[in-house]
Undergrad: 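Got a structure for you, questions after.
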Amino acid sequence: MAQKPSIPKGTRDFPPEVMLRREFILDTIRSVYKKYGYQPIETPAMENLSVLTGKYGDEGDRLIFKILNSGDFLKKAQHLDDAQKLAPEIAEKALRYDLTVPFARFVVMNQNEINFPFKRYQIQAVWRGDRPQKGRYREFFQCDADVVGSDSLIFEAEFISIYDEALSKLGLKDFSIRISNRKILNGYAEAVGQSEKFQDICTAIDKLDKVGESGVKKELLERELPEAAADQLLQMITFAGSNDEKLAYLEKLFEKSESGKKGIAEMREVFAFHKQMESFRGTIDFDLTLARGLTYYTGTIYEVVTNEVQMGSICGGGRYDNLTGVFGKPGLSGVGISFGVDRIYDVLMELNLFDERVMDGIQVMLINFGGESLMTSLKVLSSLRQAGISSEIYPDEAKLKKQFTYANRKNAAFTLAIGDDELSTGKYQLKDMISGEQQALSLEEILARLKE
RNA sequence: GUGGUUAUAGCUCAGUUGGUUAGAGCACCAGAUUGUGGUUCUGGGGGUCGUGGGUUCAAAUCCCAUUAGCCACCCCA
């Protein structure tokens with residue numbers, strides 16, 4: 001036997017039954033994005049390497065998939081003994097690592113044509129040279145919506161509704177939208193007199209879910225925070241109460257922190273805007289421990305978790321100032337969110353929430369009897385299709401058992417048999433493949449029945 | 001980058017202290033059923049046991065190496 005083919009580590013094939021479910025998820029999210037006024041864009045799978053490097057930190061740069069130059073790429077190489085320096089010499093292009101940086105690049109390149117504030121959504125694959133493991137792949141889809149060029153917190157409030165509506169439409173019933181603000185985290189740092197340790201504090205707090213209070217304290221100490229500051233910090237972030245109580249609590253703590261006060265004001269405004277938006281199903285959880293690892297967030301931050309299954313966050317997002325600054329256009333603020341398609345898929349599977357209709361195959365399959373029957377069948381097939389009914393004909397005059405088995409596997413709702421008998425009567429045998437019932441109907445009757 | 005674990009049919013996996021011709025379920029093909037699928041029954045095809053080397057009269061089984069997958073950590077979605 002020839003060597004078995006395989007696909008690269010961390011990549012996946014999606015067979016039809018998986019794709020139908022994935023498309024259901026993507027279509028649902030897409031329709032909500034559109035409804036809120038977001039417009040689609042796509043960017044190339046590959047970017048110039050220089051566009052990507054330096055945007056994701058040292059760790060991120062290592063995980064960028066580089067594309068080898070064509071031709072005699074070694075001729076131009078200078079640093080054959082240093083992989084770090086050699087890479088940009090032999091690879092000028094790389095696969096996109098996320099959708100946000102290419103979006104920033106897009107905005108800068110098209111700034112004269114764009115109508116700001118620019119609201120765009122983008123659903124495309126991204127690639128990371130990570131070690132794959134459960135729920136983590138080297139190729140996966142991101143599903144982003146961002147608005148750039150406005151500081152208005154209306155968008156923040158709207159994103160809560162977008163999360164809520166999309167997840168509800170997908171069938172989730174119990175989920176929490178966690179929200180906080182990077183300025184509040186800044187407030188913590190200032191309140192404990194450690195503002196220069198801001199990033200370390202964020203990274204440590206972000207792990208509270210996983211490692212617990214003692215783990216966070218350990219991490220803070222490892223990152224050289226004084227013990228008193230660490231304790232004080234833990235006390236702040238573990239305060240329990242309603243969203244309003246939390247805001248009031250922090251307000252006192254942040255009396256001397258401009259950043260902290262700003263964060264609270266922003267939170268209040270987002271809540272006030274959102275209060276005007278109706279039919280909210282999830283819960284908004286002002287989460288004092290929410291931090292998010294990504295360094296570019298500067299304002300509101302989001303994370304969504306489902307309470308129905310054990311799973312990490314299924315959505316994330318936040319506001320970032322000056323995203324386009326690195327590409328030479330400072331002063332543009334943006335805010336965006338993302339749905340974790342793969343995780344949502346797993347959650348819906350586990351909860352058995354994929355509607356059966358998602359799996360529907362073709363509506364009608366015509367049986368092939370060959371000869372004159374086949375000619376009439378083709379004509380009927382064409383009529384069905386013109387009437388908007390998804391249909392196909394079995395390509396060969398095979399045994400009926402084989403043809404029906406095929407129809408069954410394909411999830412055909414009906415089969416239509418036009419044999420010699422039916423030719424003479426003009427009434428064709430339409431069989432309901434679920435109930436097994438079969439009746440002789442004219443073409444008009446069939447069309448009427450199937451259009452229901 | 002660090003650690004753990006696995007590798008046997010298309011898929012999921014059995015395979016005893018090394019011992020005849022390496023098995024099962026699912027899937028596939030055919031028949032029972034010449035114009036009717038899903039259920040059932042019967043039969044069939046399909047594997048140099050990841051790869052390379054070693055120990056042995058004898059290796060899927062023991063040893064070494066190697067490759068790949070999976071899982072966890074780091075980081076992240």
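Naming convention: chains lettered A, B, ... in sequence-line order (proteins, then strands); numbering from 1 in each chain. The shown structure was predicted, so the numbers you read here are calculated from the model rather than taken from an experiment.
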Undergrad: Under 4.0 Å between a side-chain nitrogen and a carboxylate oxygen: does that hold for A:D342 and A:R22?
TA: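 Yes.
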Undergrad: Provide, to the nearest angstrom, the distance between the CD atom belonging to A:E222 and the C1' atom belonging to B:C73.
TA: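 Distance check: A:E222 CD to B:C73 C1' gives 14 Å.
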Undergrad: Are A:R319 and A:E266 ion-paired here, with the side-chain N under 4.0 Å from a carboxylate O?
TA: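 No, A:R319 and A:E266 are not salt-bridged.
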Undergrad: Using atom P of each nucleotide, how far apart are B:G69 and B:G37 to the nearest Å?
TA: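 To the nearest whole Å, 44 Å.
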Undergrad: Suppose you measure atom P in B:U66 against the same atom in B:G47; what distance do you get, rounded to whole Å?
TA: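 Result for the P pair: 31 Å, nearest Å.
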Undergrad: Pull out every protein N or O sitting under 3.5 Å from an N or O of nucleotides 1-6 of chain B, one pair per line with the distance.
TA:
from, atom 1, to, atom 2, distance (Å)
B:U2, O4, A:R131, NH1, 2.4

Undergrad: Does the separation of the ring centres of A:Y345 and A:F354 fall below 6.0 angstrom?
TA: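 Ring centroids of A:Y345 and A:F354 are less than 6.0 Å from each other.
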Undergrad: Nearest-nucleotide wise, let me know which of A:C315 and A:K134 is further upstream toward the 5' end of RNA chain B.
TA: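 Its nearest nucleotide being more 5', the pick is A:K134.
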Undergrad: Just to be sure I understand the rule, does A:E422 reach a base, reach only the sugar-phosphate, or reach nothing, if contact means heavy atoms closer than 4.0 Å?
TA: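 Base contact.
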Undergrad: Do A:Y97 and A:F65 have ring centres separated by under 6.0 Å?
TA: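 No, they do not, as the ring centres are separated by 6.0 Å or more.
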Undergrad: Please state how far atom CG in A:N368 lies from atom C1' in B:G35, giving the value in whole angstrom units.
TA: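 Interatomic distance, CG of A:N368 to C1' of B:G35: 13 Å.
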Undergrad: Would A:R343 and A:D346 count as a salt bridge (Lys or Arg N to Asp or Glu O under 4.0 Å) if you check the C-alpha gap in whole Å, the side-chain angles of each, and the deciding distance to 0.1 Å?
TA: CA-CA 5 Å; A:R343 283 187 177 175; A:D346 290 343; over 6 Å; no
Undergrad: Within the side chain of A:D61, is there an N or O that forms a donor-acceptor pair under 3.5 Å with the backbone of A:G54?
TA: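 Flag set: sc A:D61 to bb A:G54 pair under 3.5 Å.
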Undergrad: Measuring from the side chain of A:K399 (C-beta onward, heavy atoms only), which nucleotide among B:G31, B:G69, B:G37 has the closest atom?
TA: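 Shortest atom-to-atom distance from the side chain points to B:G31.
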Undergrad: Would A:F140 count as stacked on B:A77 if the rule is ring centres under 5.5 Å and plane angle under 30°?
TA: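 So A:F140 counts as stacking on the base.
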Undergrad: Just the rounded figure in Å: distance from P of B:C29 to OH of A:Y406.
TA: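 Result: 13 Å.
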Undergrad: Starting from C1' on B:U36, measure out to CD on A:Q439 and report it in whole angstrom.
TA: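 Distance check: A:Q439 CD to B:U36 C1' gives 16 Å.
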Undergrad: Is A:R128 positioned over the aromatic face of A:Y56, cation under 6.0 angstrom from the ring centre and no more than 45 degrees off axis?
TA: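 No, A:R128 does not sit over the ring of A:Y56.
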Undergrad: Please tell me if A:K207 has a side-chain N or O lying less than 4.0 Å from either OP1 or OP2 of B:C75.
TA: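 So the side-chain polar atoms of A:K207 do come within 4.0 Å of the phosphate oxygens OP1 or OP2 of B:C75, strictly under.
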Undergrad: Are there runs of at least three consecutive Watson-Crick or G-U pairs touching RNA chain B, with each pair's two distances under 3.5 angstrom? Give them by first number.
TA: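 So the stems come out as B:1-7 with B:67-73, B:10-13 with B:23-26, B:28-32 with B:40-44, B:50-54 with B:62-66.
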Undergrad: Whole Å only: how far is the CG atom of A:D13 from the P atom of B:G69?
TA: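 In whole Å, B:G69 P and A:D13 CG are 14 Å from each other.
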Undergrad: Within the 4.0 Å heavy-atom criterion, would you say A:I434 contacts the bases, only the backbone, or no part of the nucleic acid?
TA: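 Base contact.
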Undergrad: Salt bridge check, A:E219 against A:R223: does any charged N sit closer than 4.0 Å to a carboxylate O?
TA: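 A salt bridge links A:R223 with A:E219.
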Undergrad: Applying a 4.0 Å non-hydrogen cut-off, can you work out what A:Y137 is touching in the nucleic acid: base, sugar-phosphate, or nothing?
TA: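 Result for A:Y137 = base.
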Undergrad: What contact category does A:G60 fall into here, base, sugar-phosphate, or nothing, at under 4.0 angstrom with non-hydrogen atoms?
TA: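 No contact.
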Undergrad: What integer number of Å spans the C1' atoms of B:U2 and B:G46?
TA: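 So the two C1' atoms sit 42 Å from each other.
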Undergrad: For B:A59 and B:G53, measure between their P atoms and round to the nearest Å.
TA: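 The answer is 14 Å between these two P atoms.
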Undergrad: Any non-hydrogen side-chain atom of A:I205 less than 4.5 Å from a side-chain atom of A:I201?
TA: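 SC-SC contact between A:I205 and A:I201 confirmed.
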Undergrad: Does A:Q133 place a side-chain N or O at less than 4.0 Å from the phosphate oxygens OP1/OP2 of B:C73?
TA: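 Indeed, a polar side-chain atom of A:Q133 lies that close.
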Undergrad: Looking at B:A30, B:G37, B:C75, which one has an atom nearest to any side-chain atom of A:R136?
TA: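 Of B:A30, B:G37, B:C75, B:C75 is nearest to the side chain of A:R136.
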Undergrad: Between B:A58 and B:G3, how far apart are the C1' atoms? Round to whole Å, please.
TA: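 It comes out at 38 Å once rounded to the nearest Å.
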Undergrad: Mind checking the P distance from B:U33 to B:G19? Whole angstroms is fine.
TA: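 It comes out at 45 Å once rounded to the nearest Å.
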Undergrad: By the 4.0 Å heavy-atom rule, please label A:G436 as base, sugar-phosphate, or nothing.
TA: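 Since a base atom lies under 4.0 Å of A:G436, the category is base.
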Undergrad: Examine the base of B:U36 for any acceptor or donor lying under 3.5 Å from a partner atom in the side chain of A:Q403, and report the outcome as yes or no.
TA: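 Looking at the base of B:U36, it does not pair with any donor or acceptor on the side chain of A:Q403 (distance under 3.5 Å).
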Undergrad: Closest nucleotide of RNA chain B for A:G135 versus for A:F404: which of these residues is on the 5' side?
TA: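 Result of the comparison: A:F404.
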Undergrad: Check the angle between the aromatic planes of A:Y38 and A:Y33 and answer parallel, tilted or perpendicular using the 30° and 60° thresholds.
TA: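 Geometry flag for A:Y33 against A:Y38: tilted rings.
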Undergrad: With hydrogens left out and only the distance checked, is there a donor-acceptor pair under 3.5 Å joining A:K402's side chain and the base of B:G37?
TA: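 It does not, because no donor-acceptor pair links the side chain of A:K402 to the base of B:G37 below 3.5 Å.
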Undergrad: Measure the spacing between CD1 of A:I301 and CG of A:N181 and express it to the nearest 0.5 Å.
TA: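 Output value for this atom pair is 7.0 Å.
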Undergrad: What pairs with A:Y428 under ring-ring contact (aromatic ring centres under 6.0 Å, His included), at least two apart in sequence or on another chain?
TA: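 For A:Y428 there are no ring-ring contact (aromatic ring centres under 6.0 Å, His included) partners, ignoring immediate neighbours.
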Undergrad: Within the structure, does a side-chain N or O atom of A:K431 lie under 4.0 Å from either OP1 or OP2 of B:G35?
TA: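 Indeed not, no polar side-chain atom of A:K431 lies that close.
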Undergrad: When the P atoms of B:A27 and B:U40 are considered, how many whole Å apart are they?
TA: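 That atom pair is separated by 9 Å.
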Undergrad: Whole Å only: how far is the CD atom of A:E139 from the C1' atom of B:A77?
TA: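 My rounded result for the distance is 14 Å.
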Undergrad: On a whole-Å scale, what distance lies between the P atoms belonging to B:G25 and B:G43?
TA: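 Pairwise P distance, B:G25 against B:G43, rounds to 11 Å.
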Undergrad: Measure from CG on A:L400 to P on B:G37 and round the result to the nearest Å.
TA: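 These atoms are roughly 8 Å apart.
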Undergrad: Pick base, sugar-phosphate or nothing for A:D342, based on heavy-atom distances below 4.0 Å to the nucleic acid.
TA: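 Result for A:D342 = nothing.
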Undergrad: Which part of the nucleic acid does A:A417 contact within heavy-atom distance under 4.0 Å: base, sugar-phosphate only, or nothing?
TA: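 Base contact - A:A417 has a heavy atom under 4.0 Å of at least one base atom.
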Undergrad: Looking at B:G37, I'd like to know if its phosphate oxygens (OP1 or OP2) sit under 4.0 Å from a side-chain N or O belonging to A:K401.
TA: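 A:K401 to B:G37 OP1/OP2: no side-chain N or O under 4.0 Å.
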Undergrad: Measure from CZ on A:R223 to P on B:C74 and round the result to the nearest Å.
TA: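 That distance rounds to 11 Å.
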